[in-house]
Student: 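Here's a structure for you.
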Amino acid sequence: MTSPDTDPYTATVASLVRIIAGKTGYDEEKIAWLVATPSKPGYGDLSVPLVRFRRATGKAPEELAGEITGDPQFQSLPVEKYEVVNGYLNIWLDVPRIAGILAGLYSKGWEMRVPQTPSPKRIVVEHTSANPIHPLHMGHARNTSIGDTLARLLSARGHSVNRRYYVDDVGKQVAIVAFGFEILGVDPLEEARKKGMKPDALAGWVYAVTHTILEILEAKEKLEEAEEAEERKSIQEKIDDSMNTLAQLKSGDPGGYFDKLLEGIPRAGGPSRVREIMLRYERGLEPEKSLVRRIAKAVLEGIRETLSRLQVEFDAWDWESDLVWSSRVGRLIELARKSRFYTVWKGAEAIDIPRIIREVLSRDPEARARIRIPKGFEIPPLILVRSDGTTLYTTRDMAYTLYKFEQFNADEVVNVIGADQRLAQLQLRLALLGLGFRREALNTIHYDYEIVRLPGMRMSSRRGRIVTLDSILEQLKARAIVEVEKRNPTADKDWIEAVAEKIAVGAVRFTLIRTSAKRPVVFDVKRAVDLEENTGPYLQYTYARAHGILEKHGSIDYGAVDAQGCKEEKRRSLLLSALRFPLTAAKAADDMAPEDLASYLLRLADEFNSWYQADPVIREPDKGLRECKALLVRTVMDSLGHGLRLLGVPVLERM
RNA sequence: GGGCCCGUAGCUCAGCCAGGAUAGAGCGCUGGCCUCCUAAGCCAGUGGUCGGGGGUUCAAAUCCCCCCGGGCCCGCCA
């Protein structure tokens with residue numbers, strides 16, 4: 001755990017933890033977290049809750065404290081003093097000694113980094129995977145921010161990470177946009193360029209209009225068949241609602257498309273043509289094959305452009321249709337048919353999930369622990385194939401899960417998918433378990449996150465009622481430009497714009513990462529556009545401030561550092577806080593909890609800003625003390641910089 | 001009906017998994033700080049029956065049970 005390039009604080013914690021683990025038998029990782037986070041200042045820099053170990057060890061707090069502090073290893077640690085109070089062993093570190101060691105490391109070109117995991121794995125992180133029918137909205141942005149940040153954290157921790165985007169081009173939604181463009185008779189990429197739009201934005205509109213018109217046509221058919229007044233009334237209400245949506249969509253017509261769609265959709269067969277496109281595409285038949293692919297590709301181009309603004313990149317783009325055409329899905333279905341869990345349910349081919357639970361899961365304690373099923377929770381059989389022979393999403397997703405393991409020779413596959421798909425993901429893992437893919441089933445992790453809502457409503461791409469990520473970025477950027485100009489009146493336009501762009505990106509990514517994934521967020525544009533405290537830009541600003549100080553100060557003379565300067569209360573506390581970065585980042589990676597890193601960085605920035613106000617660096621007359629303070633700034637800056645990079649928040653040297 | 005998630009200051013959220021030392025930030029509100037390293041900042045003040053009720057424990061925001069409120073899921077959709 002401790003390598004020669006570990007900073008002295010992290011190394012000290014590691015040693016102390018080892019000592020305690022030896023005396024108590026507790027897990028090192030759990031102790032590290034307890035010890036390194038005293039609840040309040042005044043309780044030491046490290047704090048050992050002795051009472052907690054009483055149950056396991058039977059040792060009285062004073063006795064255990066004596067054993068720990070009497071250990072020869074403990075005596076060699078940079079400890080200034082310690083005391084036993086209220087069942088705690090509170091330890092004050094010898095911060096000047098730590099600062100001295102740190103200065104020595106820096107002078108030799110040392111770089112701070114996240115401690116490497118003792119058990120590196122090969123991990124696939126699949127995220128975003130938005131359907132290629134519309135631009136990314138804030139819901140996708142949460143997925144993207146979480147997924148990309150997880151990938152960065154895991155990779156920094158020493159795992160091999162593979163980032164994949166699943167292009168879901170098989171299915172009804174894509175067929176609907178394709179139908180729309182077929183009627184318009186235009187190429188989405190060319191047409192979007194002509195209208196000065198992004199192709200995904202154009203497609204999103206075409207999708208919403210086509211979908212709504214189809215909905216109305218289908219409802220009208222039902223209305224004719226319906227006999228009861230009650231039923232007729234409810235159908236009529238739905239139609240009225242859709243008509244309203246349609247009217248709103250019409251006002252966003254990029255130019256002469258609306259009427260063409262309105263007339264063309266019924267004439268071309270409406271819903272039946274959509275079904276036909278779907279069927280023929282899944283079989284890889286022309287011209288539908290080229291039509292659908294061309295549109296999906298155009299939309300992806302728009303999506304990719306947005307993603308690159310967010311500094312998100314993928315190692316692979318996996319087309320769902322390729323899995324079907326290459327008969328991977330077919331082979332999986334064949335395998336299922338031979339399985340003893342194959343069944344027919346509601347007249348369709350299916351996998352008997354309840355039986356897998358009874359006969360496999362309940363006899364496999366490890367599997368039961370990894371695939372947790374709520375007690376009393378009924379999971380229905382999983383239907384594999386539609387009556388018309390086309391496949392279902394979950395079936396294809398099973399084939400895809402296996403594909404991901406295979407492609408990267410992965411130990412673990414993390415799927416960043418909304419919490420609304422929990423049941424489907426559970427079914428998928430159980431089905432894989434039943435088909436004999438135990439390793440894959442147990443190592444597929446559904447990293448679920450809650451939806452993003454708009455104040456008072458849920459986003460709906462079917463109705464074109466979404467807040468696109470692009471529009472949020474633009475609004476943020478516009479605000480940021482004003483702020484940057486204010487502070488840099490003489491700077492040139494390009495520089496200002498580039499900085500504002502990074503501020504916008506930082507603001508979006510940070511807001512989406514800082515609250516835990518389990519909490520539903522209401523996305524308030526006004527609040528998101530705020531650039532003040534507790535935001536990404538606040539952290540960027542703090543980093544830039546630290547950078548500015550060091551720039552003015554010039555290169556640090558590490559040999560001249562007066563380490564005793566770090567005895568002063570604010571300085572010693574700030575140095576230790578900054579040095580908590582490696583442990584914090586490692587824990588955030590292991591827990592897959594980016595929000596923990598986010599709140600650590602905010603606390604560090606707060607502490608730095610507070611100190612900055614009170615204790616001048618450059619104007620410090622005493623040379624040794626000045627270098628000591630510069631070392632402090634350097635350490636804070638490194639922690640902030642590394643932290644921001646892990647969160648995908650762009651680092652700015654000036655803003 | 002069943003299941004999962006959430007409920008902490010007026011608002012947005014940490015803390016809960018691994019129970020312990022006076023429950024923390026930010027926004028808001030009140031008052032102060034730029035001849036001085038970026039005021040996107042700092043300082044001081046304001047503000048909490050930790051949804052409610054039981055239980056376990058020397059100790060509960062944290063663990064267990066019940067209830068209430070909100071969201072989501074239970075499709076030959078994805």
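Note on naming: letters A, B, ... go to the chains in the order of the sequence lines (proteins, then strands), and numbering restarts at 1 for each one. These figures come from a predicted structure and were not determined experimentally.
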Student: Could you tell me whether the phosphate oxygens of B:rG24, OP1 or OP2, come under 4.0 Å of any side-chain nitrogen or oxygen in A:Arg603?
Tutor: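 No, outside the criterion.
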Student: In Watson-Crick or G-U wobble terms, both distances under 3.5 Å, what is the partner of B:rC42?
Tutor: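 B:rG32 is the nucleotide pairing with B:rC42.
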Student: Mind calculating the distance between CD1 (A:Ile373) and C1' (B:rC74) to the nearest angstrom?
Tutor: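 The answer, rounded to whole Å, is 14 Å.
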Student: Between B:rA60 and B:rG52, how many Å separate the two P atoms, rounded to a whole number?
Tutor: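 One P to the other, the span is 15 Å.
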Student: Between A:Thr444 and A:Arg429, is there a side-chain donor-acceptor contact under 3.5 Å, judged purely by atom types and distance?
Tutor: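 No, no side-chain donor-acceptor contact under 3.5 Å.
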Student: I'd like to know if A:Lys477 and A:Glu497 make a salt bridge, using a cut-off of under 4.0 Å between side-chain N and carboxylate O.
Tutor: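 A salt bridge links A:Lys477 with A:Glu497.
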Student: Does B:rG1 have a Watson-Crick or wobble mate here (both distances under 3.5 Å), and if so which one?
Tutor: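 Base partner found: B:rC74.
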Student: Taking the minimum atom-to-atom distance to the side chain of A:Arg422, which one of B:rC76, B:rC4, B:rA25 wins?
Tutor: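 Between B:rC76, B:rC4, B:rA25, the one nearest the side chain of A:Arg422 would be B:rC4.
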Student: Determine, for nucleotides 33-39 of chain B in 5'-to-3' order, which nucleotides have protein heavy atoms under 4.0 Å from the base (write B), from only the sugar-phosphate (write S), or from neither (write -).
Tutor: ---BBBS
Student: Within 90° of 0 counts as syn, otherwise anti: where does B:rC68 fall?
Tutor: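 B:rC68: anti.
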Student: Measure from the side chain of A:Ser516, starting at C-beta and using heavy atoms only, and say which of B:rC17, B:rC43, B:rA14 lies closest.
Tutor: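 Looking only at heavy atoms from C-beta outward on A:Ser516, the closest nucleotide is B:rA14.
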Student: Does OP1 or OP2 of B:rC76 have a side-chain N or O of A:Thr390 closer than 4.0 Å?
Tutor: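 Negative; the distance criterion is not met.
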Student: Between A:Asp615 and A:Lys570, does at least one N-O distance fall below 4.0 Å, as a salt bridge requires?
Tutor: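 No, this pair does not count.
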Student: Let's test this: given Watson-Crick or G-U wobble pairing with both distances under 3.5 Å, identify the partner of B:rA25.
Tutor: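 Pairing partner, where one exists within any strand: B:rU12.
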Student: Using purine N1 to pyrimidine N3 plus N6-O4 or O6-N4 for Watson-Crick, or N1-O2 and O6-N3 for G-U wobble, both under 3.5 Å, which nucleotide pairs with B:rG47?
Tutor: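 Answer to the pairing question: none, since B:rG47 forms no Watson-Crick or G-U pair.
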Student: Nearest-Å distance, CZ (A:Phe377) to P (B:rC74)?
Tutor: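 So the CZ-P distance, A:Phe377 to B:rC74, works out to 10 Å.
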Student: Contact between A:Ile383 and A:Ile351 at the side-chain level, heavy atoms closer than 4.5 Å - yes or no?
Tutor: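 A:Ile383 vs A:Ile351: side chains apart.
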Student: To the nearest angstrom, how far is A:Asp420 atom CG from B:rC6 atom C1'?
Tutor: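 After rounding, the reported distance stands at 15 Å.
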Student: Which word best sums up how the rings of A:Tyr400 and A:Tyr166 line up, parallel for under 30°, tilted for 30 to 60°, or perpendicular for over 60°?
Tutor: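 Parallel.
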Student: Quick one: A:Leu604 CG to B:rG24 P, roughly how many Å, whole number?
Tutor: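 Taking CG of A:Leu604 and P of B:rG24, I get 20 Å after rounding.
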Student: Specify the separation, in whole Å, of atom CD of A:Glu218 and atom P of B:rC77.
Tutor: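 Those two atoms, CD and P, are 12 Å apart.
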Student: Counting only distance, no hydrogens or angles, is the base of B:rA14 paired donor-acceptor with the side chain of A:Thr515 under 3.5 Å?
Tutor: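 Absent.
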Student: As a test of reading the structure: which of B:rC72, B:rC6, B:rC42 is closest to the side chain of A:Arg519, going by heavy atoms?
Tutor: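 Of B:rC72, B:rC6, B:rC42, B:rC6 is nearest to the side chain of A:Arg519.
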Student: Check whether any side-chain heavy atom of A:Leu647 sits under 4.5 Å from a side-chain heavy atom of A:Leu601, and report yes or no.
Tutor: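 When only atoms from C-beta onward are counted, A:Leu601 and A:Leu647 do touch, with a gap below 4.5 Å.
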Student: When you match A:Leu423 and A:Asp596 each to their closest nucleotide on RNA chain B, which lands nearer the 5' end?
Tutor: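 This one resolves to A:Asp596.
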Student: With a 4.0 Å cutoff (strictly under), does any side-chain N or O of A:Tyr538 reach OP1 or OP2 of B:rC42?
Tutor: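 True: A:Tyr538 side-chain N/O within range (under 4.0 Å) of B:rC42 OP1/OP2.
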Student: Return the nucleotide paired to B:rG7: Watson-Crick means purine N1 to pyrimidine N3 with N6-O4 or O6-N4, wobble means G-U with N1-O2 and O6-N3, both under 3.5 Å.
Tutor: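 Answer to the pairing question: B:rC68, which forms a Watson-Crick or G-U pair with B:rG7.
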Student: Please state whether the rings of A:His547 and A:Tyr543 are parallel, tilted or perpendicular, taking 30° and 60° as the class boundaries.
Tutor: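 Ring orientation, 0 to 90° scale: parallel.
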Student: Grab the CG-C1' distance between A:Leu426 and B:rC5 for me, whole Å please.
Tutor: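 The distance from CG of A:Leu426 to C1' of B:rC5 comes to 15 Å, rounded to the nearest Å.
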Student: Taking only side-chain nitrogens and oxygens of A:Arg386, does any of them come within less than 4.0 Å of OP1 or OP2 of B:rC77?
Tutor: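 For B:rC77, OP1/OP2 do have a side-chain N/O of A:Arg386 under 4.0 Å.
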Student: Judged by each residue's nearest nucleotide on RNA chain B, which is more toward the 5′ side, A:Glu450 or A:Ala480?
Tutor: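 Its nearest nucleotide lies further toward 5', so the answer is A:Glu450.
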Student: Should A:Arg275 and A:Asp388 count as an ion pair when the cut-off is N to O under 4.0 Å?
Tutor: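 The answer is no: the pair does not qualify as a salt bridge.
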Student: Distance between the P atoms of B:rG71 and B:rC13, in whole angstroms?
Tutor: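 After rounding to an integer number of Å, I get 15 Å for this pair.
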